[in-house]
Asker: 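Mind having a look at this structure? Questions to follow.
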Amino acid sequence: MSLRVYNTLTREKSDFKPIEEGKVRMYVCGPTVYDSAHVGHAMSALVFDVVRRYLMYKGFEVDYVMNFTDVDDKIIDRANRLGVDPFELAEGYIEEFKKDLKDLNILFATENPRATEEIETIIDMVARLLENDVAYEVDGDVYFRVEKAKDYGKLSGRKLEEMNAGSRIRVDERKENPMDFAVWKSAKEGEPAWDSPWGPGRPGWHIECSAMNLSHLGQQIDIHGGGNDLIFPHHENEIAQTETITGKPFARYWMHNGMLQLKGEKMSKSLGNLVPIRDFLKEHTGDVMRLIVLSSHYCSPLTFNDEVIQANERALERLLSAKRPAMPDANGAPQQTLQELQAQEDKTNQEFINAMDEDFNTAGALASIFDLVRSINQARAAGASDSELESAQETFGELTGVLGLVFNEKEIVLTAADAFIDLLLDLRQELRKQKNYDLSDRIRDDLMEKGVVIEDTPQGSTWRWE
RNA sequence: GGCGACGUAGCCAAGUUGGUAAGGCAAGGGUCUGCAAAACCCCGAGCACGGGUUCGAGUCCCGUCGUCGCCUCCA
């Protein structure tokens, strides 16, 4: 069995073979930090976190680089409007985003380079583009000459002559070709600037990613990821810049996640319908967000609304049920039940890999995990002991771990209340014996309101955090 | 207008090389319970529409309709 990956560049799935055996170099486009990150950013980060985790599960060593674009027109605009320093503004949002990633249980990148830390490499690249005549300077700005790039448009499937740049925006008259894009922008008065052979200025948006790839991962990388809204022009331009400089194919596999859909349309800043990650996390756990992302294929648009969120809250509870211990009176399940549990465990292990190998089919992988959940619960209901459940539960934990689910966040935090809840349950048990259901139900209802779920069994009552 | 993706049960959604449709949520019925909750059991679609290829198509081809993304900053 080998891993197959859909490649935007070739428009087909192919076997995954890294440049260097056993090692994967991957680069994911991070955010431009001029505002709080929203759930769309979370989707992208989660998608590639799962890709990374699965590659690690398959035994690859993964170098995972995600950048921060910390100097850019929007950051400057925003900072000016708020009357703050643009670098401080960016720094604040970087810290915030890192916290968001942590709350979503996303593994830290091997490196988080920033545009402002790559200026030297960027200037060097711009100089080389000029030397090779694939770029030209106008009044302190430097533009990339798209007609000089071999196969320009190969990633997005566009042809230069078919593109009508400027149909919706006025074209800069100084450009030779409307599709030419800035690799270096001259600074206006008061804007952040670095000295360069072309005067003070800052990098264009696309060149920074080319530069960070070059200096942190090398001339060629295995996976380049990002949202599919970056295919054009961002990734197209990255390819043009990098490949004209190195003369080698840039990334082997281009992976793009679909857009998150909010009420049928893309969530975006211009539409003003975004949901910040931290707002989402005030009401839901990171696992819920992750489960929503896992429940469909990463390439597809992701439906995101209250109904979906609620459904996944419940689905998460069901997953969690697999981790519960044996029944209090468990004295062993029938042989046949245990054999079926073992069979399902093997089956799930296999199906999980089959699904994930097929271009990270997380929905399929999840389906086989749910099958395992059912088997575990069946065995428990049939009287399986903890040791009889152990192996299947370990498999469950391992596979959900590969998907990055954590579970139990609340239990870890709130164990200090345990003794008191136990006491209340004892009291309630007494009241029930006396058939004082008014009071006993009141205890149950009040605890329920505080997030404690009580379940009665013939052997006594159990409770858990909701 | 150009490029691309998609249209599978009430909702979300999977479906390798074509052979008679995973999983989750919701709804309903049942077991259990003082009542609940949880768990367990049972229960639903022939795949936008119309043609075609084939012994056989959700899966390939053509057309139609619809939704969405990109073409301008965007994960």
Side-chain angles (χ1 to χ4, degrees), chain A residues 4 8 11 13 28-32 34 37-48 72-74 77 153 156-159 161-170 179 205 225-234 236 256-261 264-271 274 291-292 295-297 299-305 307-319 321 324 327 351 354-355 357-359 361-371 373-374 377-382 432 435 437 440-441 444-445 448 453-458 461-464:
Chain A
R4 285 159 54 78
T8 308
R11 305 263 159 76
K13 277 191 235 176
V28 177
C29 284
T32 298
Y34 72 100
H38 58 246
V39 287
H41 293 108
M43 177 195 179
S44 188
L46 284 166
V47 162
F48 291 104
D72 144 282
D73 293 355
K74 290 193 297 295
D77 286 350
S156 55
R158 291 155 209 266
K159 294 189 178 71
E161 54 271 26
E162 284 171 0
M163 285 189 272
N164 49 347
S167 61
R168 280 195 267 172
I169 194 169
R170 188 168 302 132
M179 296 310 298
W205 177 38
N228 68 18
D229 52 350
L230 295 179
I231 295 173
F232 189 91
H234 186 55
E236 194 72 71
H256 293 98
N257 63 276
M259 294 293 100
L260 187 143
Q261 301 293 126
E265 61 188 3
K266 180 184 140 183
M267 183 173 63
S268 75
K269 285 145 194 168
S270 51
L271 290 170
L274 37 82
L291 199 57
I292 291 171
S295 69
S296 77
H297 190 71
C299 284
S300 309
L302 181 68
T303 306
F304 187 85
N305 55 41
E307 200 178 349
V308 166
I309 294 169
Q310 286 312 314
N312 280 281
E313 290 266 20
R314 298 300 314 280
L316 194 62
E317 277 178 41
R318 177 160 178 80
L319 284 176
S321 70
R324 294 186 198 160
M327 303 289 281
E351 287 180 345
N354 289 347
D357 269 352
E358 200 57 36
D359 197 28
N361 180 356
T362 52
L366 218 41
S368 71
I369 290 177
F370 274 109
D371 287 339
V373 171
R374 174 175 293 112
N377 288 339
Q378 280 172 346
R380 184 193 302 101
R432 290 181 69 216
K435 299 211 188 298
Y437 295 124
S440 69
D441 283 356
R444 183 173 65 193
D445 294 344
M448 171 76 89
V453 180
I454 292 176
E455 290 171 5
D456 297 329
T457 73
S461 301
T462 64
W463 67 270
R464 61 190 162 83

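Labels below follow one simple rule: chain letters A, B, ... track the order of the sequence lines, proteins then strands, and each chain is numbered from 1.
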Asker: How far, in whole Å, is B:G46 from B:U59 if one measures between their C1' atoms?
Answerer: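 Between the two C1' atoms, the distance is 13 Å.
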Asker: Please round to the nearest 0.5 Å and tell me the distance separating atom CD of A:E351 and atom CG of A:N361.
Answerer: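 Taking CD in A:E351 and CG in A:N361, the distance rounds to 11.0 Å.
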Asker: Under the side chain to side chain donor-acceptor pair (under 3.5 Å) rule, collect the residues that match up with A:S321, sequence neighbours excluded.
Answerer: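 Applying side chain to side chain donor-acceptor pair (under 3.5 Å) to A:S321 gives A:N377.
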Asker: Taking atom P of B:U17 as reference, at what distance in whole Å does atom CG of A:D357 sit?
Answerer: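 Those two atoms, CG and P, are 15 Å apart.
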Asker: What form does the base of B:G46 take, syn (within 90° of 0) or anti?
Answerer: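 Base orientation relative to the sugar is syn.
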Asker: Distance between the P atoms of B:C42 and B:C35, in whole angstroms?
Answerer: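 That atom pair is separated by 24 Å.
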Asker: Using the test side chain to side chain contact (heavy atoms under 4.5 Å, CB included), find all partners of A:A382 that sit at least two apart in sequence or belong to another chain.
Answerer: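 Here the qualifying residues are A:A333, A:P334, A:T337.
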Asker: Return yes if some donor-acceptor pair links the side-chain N/O of A:E236 with the main-chain N/O of A:S156 below 3.5 Å, else return no.
Answerer: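 Indeed, once roles are kept as given, a pair shorter than 3.5 Å links the two residues.
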Asker: Tell me the interatomic distance from A:L230, atom CG, to B:G4, atom P, rounded to whole angstroms.
Answerer: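 That distance rounds to 19 Å.
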Asker: When the P atoms of B:A5 and B:U16 are considered, how many whole Å apart are they?
Answerer: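 One P to the other, the span is 16 Å.
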Asker: Tell me whether A:K13 is salt-bridged to A:E358, with the criterion being a basic N under 4.0 Å from an acidic carboxylate O.
Answerer: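 Yes.
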Asker: Taking the same atom, C1', in B:U8 and in B:G44, what whole-Å distance lies between them?
Answerer: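 That atom pair is separated by 14 Å.
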Asker: Please give the distance between the P atoms of B:A27 and B:A22 as a whole number of Å.
Answerer: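 These two P atoms come out 23 Å apart once rounded.
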Asker: Taking only residues two or more places apart in sequence or in another chain, which ones pass side chain to side chain contact (heavy atoms under 4.5 Å, CB included) with A:S295?
Answerer: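 So A:S295 forms a side chain to side chain contact (heavy atoms under 4.5 Å, CB included) with A:N312.
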Asker: If I take atom CZ in residue A:F370 and atom P in nucleotide B:C40, what distance separates them, rounded to the nearest angstrom?
Answerer: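 Taking CZ of A:F370 and P of B:C40, I get 12 Å after rounding.
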Asker: Would you measure the distance from the C1' atom in B:G7 across to the matching atom in B:C12 and give it in whole Å?
Answerer: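 Their C1' atoms lie roughly 14 Å apart.
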Asker: Just so I know, are the side chains of A:N305 and A:T303 near enough to count as touching, which here means a heavy-atom distance under 4.5 Å?
Answerer: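 In short, these two side chains touch, coming nearer than 4.5 Å.
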Asker: List for me each residue that meets salt bridge (charged side-chain N to carboxylate O under 4.0 Å, His left out) alongside A:R318, sequence neighbours excluded, and say none if there are none.
Answerer: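 Counting only residues at least two positions away or on another chain, A:R318 forms no salt bridge (charged side-chain N to carboxylate O under 4.0 Å, His left out).
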Asker: Hey, does A:G30 reach any base, or is it just sugar-phosphate, or nothing, if we go heavy atoms under 4.0 Å?
Answerer: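 Counting heavy atoms under 4.0 Å across all strands, the contact made by A:G30 is with sugar-phosphate only.
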Asker: Please name all residues satisfying side chain to side chain donor-acceptor pair (under 3.5 Å) with A:N257, sequence neighbours left out, ordered by chain then number.
Answerer: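 For A:N257, the residues satisfying side chain to side chain donor-acceptor pair (under 3.5 Å) (neighbours in sequence not counted) are A:S44.
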Asker: Can you give one letter per nucleotide of nucleotides 8-15 of chain B, going 5' to 3': B for a protein heavy atom under 4.0 Å from the base, S for sugar-phosphate only, - for none?
Answerer: ---SSSSS
Asker: Name the one of A:D229, A:N228, A:T8 that satisfies side-chain hydrogen bond (donor to acceptor under 3.5 Å, both in side chains) with A:H256?
Answerer: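 Output: one option passes, namely A:T8.
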Asker: Got a sec, which residues hit side chain to side chain donor-acceptor pair (under 3.5 Å) with A:D73, two or more places apart in sequence or on another chain?
Answerer: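 A:D73: side chain to side chain donor-acceptor pair (under 3.5 Å) contacts with A:K185, A:R202.
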Asker: The side chain of A:M259 is closest to which nucleotide in this list: B:G69, B:C70, B:G23?
Answerer: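 Output: B:G69.
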Asker: For residues A:V453 and A:W463, determine if any side-chain heavy atom of one lies less than 4.5 Å from a side-chain heavy atom of the other.
Answerer: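 They are not in contact (no side-chain heavy atoms under 4.5 Å apart), so the answer is no.
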Asker: Looking for any heavy atom pair under 4.0 Å, which part of the strands does A:N257 touch: base, sugar-phosphate only, or nothing?
Answerer: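 Counting heavy atoms under 4.0 Å across all strands, the contact made by A:N257 includes a base.
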Asker: Please give, in whole Å, the distance from B:A22 P to A:D371 CG?
Answerer: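 Answer to the nearest Å: 11 Å.
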Asker: Can you pull every protein N or O that's under 3.5 Å from an N or O on nucleotides 29-31 of chain B?
Answerer:
none

Asker: To the nearest Å, give me how far apart CZ (A:R158) and C1' (B:G69) are.
Answerer: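 Between C1' of B:G69 and CZ of A:R158: 10 Å.
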Asker: Roughly how many Å apart are B:G51 and B:A45, using the C1' atom of each and rounding to a whole number?
Answerer: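 Roughly 23 Å separates the two C1' atoms.
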Asker: A:D229 CG to B:A5 C1': how many Å, rounded?
Answerer: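 Going from A:D229 (CG) to B:A5 (C1'), I get 14 Å.
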Asker: With sequence neighbours left out, what residues match A:R324 under side chain to side chain donor-acceptor pair (under 3.5 Å)?
Answerer: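 Side chain to side chain donor-acceptor pair (under 3.5 Å) check on A:R324 returns nothing, list empty.
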Asker: Could you pick out which residue, A:G157 or A:S44, lies toward the 5' side of RNA chain B when each is mapped onto its nearest nucleotide?
Answerer: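 Of the two residues, A:G157 wins.
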Asker: Once rounded to the nearest 0.5 Å, what's the spacing between atom CZ of A:F304 and atom CD of A:Q261?
Answerer: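 Separation between the atoms: 12.0 Å.
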Asker: Rounded to whole Å, how long is the line connecting atom CG of A:L291 with atom C1' of B:G23?
Answerer: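 Going from CG in A:L291 over to C1' in B:G23 covers 11 Å.
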Asker: For a quick check of understanding: with a heavy-atom distance under 4.0 Å over all strands, which category does A:I231 fall into, base, sugar-phosphate or nothing?
Answerer: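 Answer is nothing: A:I231 stays at 4.0 Å or more from every strand.
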Asker: What base-paired stems does RNA chain B take part in, with at least 3 consecutive Watson-Crick or G-U wobble pairs and both distances under 3.5 Å?
Answerer: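 B:1-7 with B:65-71, B:10-12 with B:23-25, B:28-31 with B:39-42, B:48-52 with B:60-64 - these are the stems of 3 or more pairs that involve RNA chain B.
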Asker: Report all interatomic pairs (protein N or O, nucleotide N or O of nucleotides 32-39 of chain B) with separations under 3.5 Å.
Answerer:
{"from": "B:G34", "atom 1": "N9", "to": "A:Y437", "atom 2": "OH", "distance (Å)": "3.4"}
{"from": "B:G34", "atom 1": "N7", "to": "A:R432", "atom 2": "NH2", "distance (Å)": "3.3"}
{"from": "B:G34", "atom 1": "O6", "to": "A:R432", "atom 2": "NE", "distance (Å)": "3.0"}
{"from": "B:G34", "atom 1": "N1", "to": "A:D441", "atom 2": "OD1", "distance (Å)": "3.2"}
{"from": "B:G34", "atom 1": "N2", "to": "A:D441", "atom 2": "OD2", "distance (Å)": "3.0"}
{"from": "B:C35", "atom 1": "O2", "to": "A:R444", "atom 2": "NH2", "distance (Å)": "3.0"}
{"from": "B:C35", "atom 1": "N3", "to": "A:R444", "atom 2": "NH1", "distance (Å)": "3.0"}
{"from": "B:C35", "atom 1": "N3", "to": "A:R444", "atom 2": "NH2", "distance (Å)": "3.2"}
{"from": "B:C35", "atom 1": "N4", "to": "A:R444", "atom 2": "NH1", "distance (Å)": "3.3"}
{"from": "B:C35", "atom 1": "N4", "to": "A:D456", "atom 2": "OD2", "distance (Å)": "3.2"}
{"from": "B:A36", "atom 1": "N6", "to": "A:D456", "atom 2": "N", "distance (Å)": "3.4"}
{"from": "B:A36", "atom 1": "N6", "to": "A:D456", "atom 2": "O", "distance (Å)": "3.2"}
{"from": "B:A36", "atom 1": "N1", "to": "A:D456", "atom 2": "N", "distance (Å)": "3.3"}
{"from": "B:A36", "atom 1": "N1", "to": "A:D456", "atom 2": "OD2", "distance (Å)": "3.4"}
{"from": "B:A36", "atom 1": "N3", "to": "A:R444", "atom 2": "NH1", "distance (Å)": "2.9"}
{"from": "B:A37", "atom 1": "N1", "to": "A:D456", "atom 2": "O", "distance (Å)": "3.4"}
{"from": "B:A38", "atom 1": "O4'", "to": "A:E455", "atom 2": "OE2", "distance (Å)": "3.1"}
{"from": "B:A38", "atom 1": "O2'", "to": "A:R324", "atom 2": "NH1", "distance (Å)": "2.4"}
{"from": "B:A39", "atom 1": "O3'", "to": "A:N377", "atom 2": "ND2", "distance (Å)": "3.4"}

Asker: Could you check how far NE2 of A:H38 sits from P of B:C73, rounded to whole Å?
Answerer: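 Rounded to the whole Å, the gap is 17 Å.
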Asker: Rounded at 0.5 Å granularity, tell me how far NE2 in A:H297 sits from CG in A:D359.
Answerer: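 Output value for this atom pair is 4.0 Å.
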Asker: Using the C1' atom as the reference point in each nucleotide, state the distance between B:G10 and B:G52 in Å, no decimals.
Answerer: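 Pairwise C1' distance, B:G10 against B:G52, rounds to 34 Å.
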Asker: Could you list the residues that satisfy side chain to side chain contact (heavy atoms under 4.5 Å, CB included) with A:A311, not counting sequence neighbours?
Answerer: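 If we apply the side chain to side chain contact (heavy atoms under 4.5 Å, CB included) test to A:A311, skipping adjacent residues, there are no hits.
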